[in-house]
Amino acid sequence: MSEYLVQFNNISKFFGKVIALKDVTMKLKKGEIMCLLGDNGAGKSTLIKTLAGVHKPDEGEIIVEGKKTIFDSPKDALDMGIATVYQDLALVSLMSITRNFFMGREPMKGPLIFKTFDIEKANKIAAERMGQIGIDVRDPSQAVGTMSGGERQCLAISRAIYFGAKVLVLDEPTSALGVHQASVVLKYIVKAAAQGLAVILITHNVHHAYPVGNSFTVLNRGKSLGTYPKKDITREKLLSMMAGGEELNKLEVELQEMNRSSAN
Ligand SMILES: Nc1ncnc2c1ncn2[C@@H]1O[C@H](COP(=O)(O)OP(=O)(O)OP(=O)(O)O)[C@@H](O)[C@H]1O
Ligand SMILES: [Mg+2]
């Protein structure tokens, strides 16, 4: 049995002439939080979509629990315990918290041909699960649209865990959140990893990634700049490795020069 739950070996993906990914190698263990960092267009979403069964890689291989794996559809990936929470979450705002939690996998009751949706059981499970992460749901029949962004993000993560995810892939889970809600979501991610899940956390925000990540992979224009365990890299180094970091330093110098010349 491989010590790695997921391995990406030399993955490349092309969209016509666009080289979205070239020779990307990355691996992660059970219980590990790997942060995938990179500027807009670096290839982060494309990489995780090869793991989620949305795109087939043009080159390279994906190994899950030691076995080379080809996903024909997102369902294949889900069946292998790889759950992806996209930025738009795939929650339906007008539907209830409970319905969103189960989304077609509702508990049923009654004899075979008379089976009906067991609403009491579903409400109880949804409220219990949300309660475990400190979100008090008074009325699980309340529409998801009434929850805050952080609560919705937690619901999507909690749903993936309930349905048996082994690998949790989160695409920018904190990008739309304020400081408090981002910290609620980040704490929940750490708890999920402590239960043995492997987490791939995609983010632009080094300040969100650094406190929770065990390792960091930086993508730049489709290529990996390497994977670093936390002990081998500082927050500042990560920032400057992301293209945005260098450009922001340049911007700061340019702005200072503009200020100086306007003062003269
Ligand atoms: N379906 C597609 N067809 C054509 N080009 C695509 C497709 N998906 C992604 N690309 C291109 O591949 C590159 C990588 O895109 P990707 O969405 O993976 O970046 P990202 O790192 O997730 O960026 P962001 O931080 O903005 O979400 C970009 O140049 C993008 O335009
Ligand atoms: Mg993206």
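Both counts, for ligands and for their atoms, begin at 1 and track the order of listing. Residue numbers start at 1 and run along the sequence shown.
- Within ligand 1, the atoms closer than 4.0 Å to a non-hydrogen atom of D39 are 21 (O), numbered from 1 in the order shown.
- The atoms of ligand 1 that sit less than 4.0 Å from any heavy atom of T46 are 9 (C), 14 (C), 15 (O), 16 (P), 18 (O).
- Contact annotation: N40 places no N, O or S atom under 2.8 Å from the Mg ion (ligand 2).
- For ligand 1, the atoms closer than 4.0 angstrom to any heavy atom of N40 are 23 (O), 24 (P), 25 (O), 26 (O).
- Heavy-atom separations between G43 and ligand 1 include at least one value shorter than 4.0 Å.
- The backbone N or O of G178 sits nowhere less than 3.5 Å from a side-chain atom of Q181 that would complete a donor-acceptor pair.
- The distance criterion of under 3.5 Å between nitrogen or oxygen atoms is met by G41 with respect to ligand 1.
- When all heavy atoms of Q142 and T146 are compared, the pair lying nearest together is NE2-OG1, 2.8 Å.
- Classification of R221 and D39 as a salt-bridged pair fails, no side-chain N sitting under 4.0 Å from a carboxylate O.
- Residues N123 and T98 have side chains that bring a donor and an acceptor to within less than 3.5 angstrom of each other.
- Distances below 4.0 Å separate heavy atoms of H204 from the following atoms of ligand 1: 25 (O).
- Geometrically, ligand 1 and A42 share a nitrogen or oxygen pair separated by less than 3.5 Å.
- A cation-pi contact links K230 to Y210, judged by a cut-off of 6.0 Å to the six-membered ring centre and 45° from its axis.
- Judged by distance alone, the side chain of K68 and the main-chain N or O of E61 form no donor-acceptor pair under 3.5 Å.
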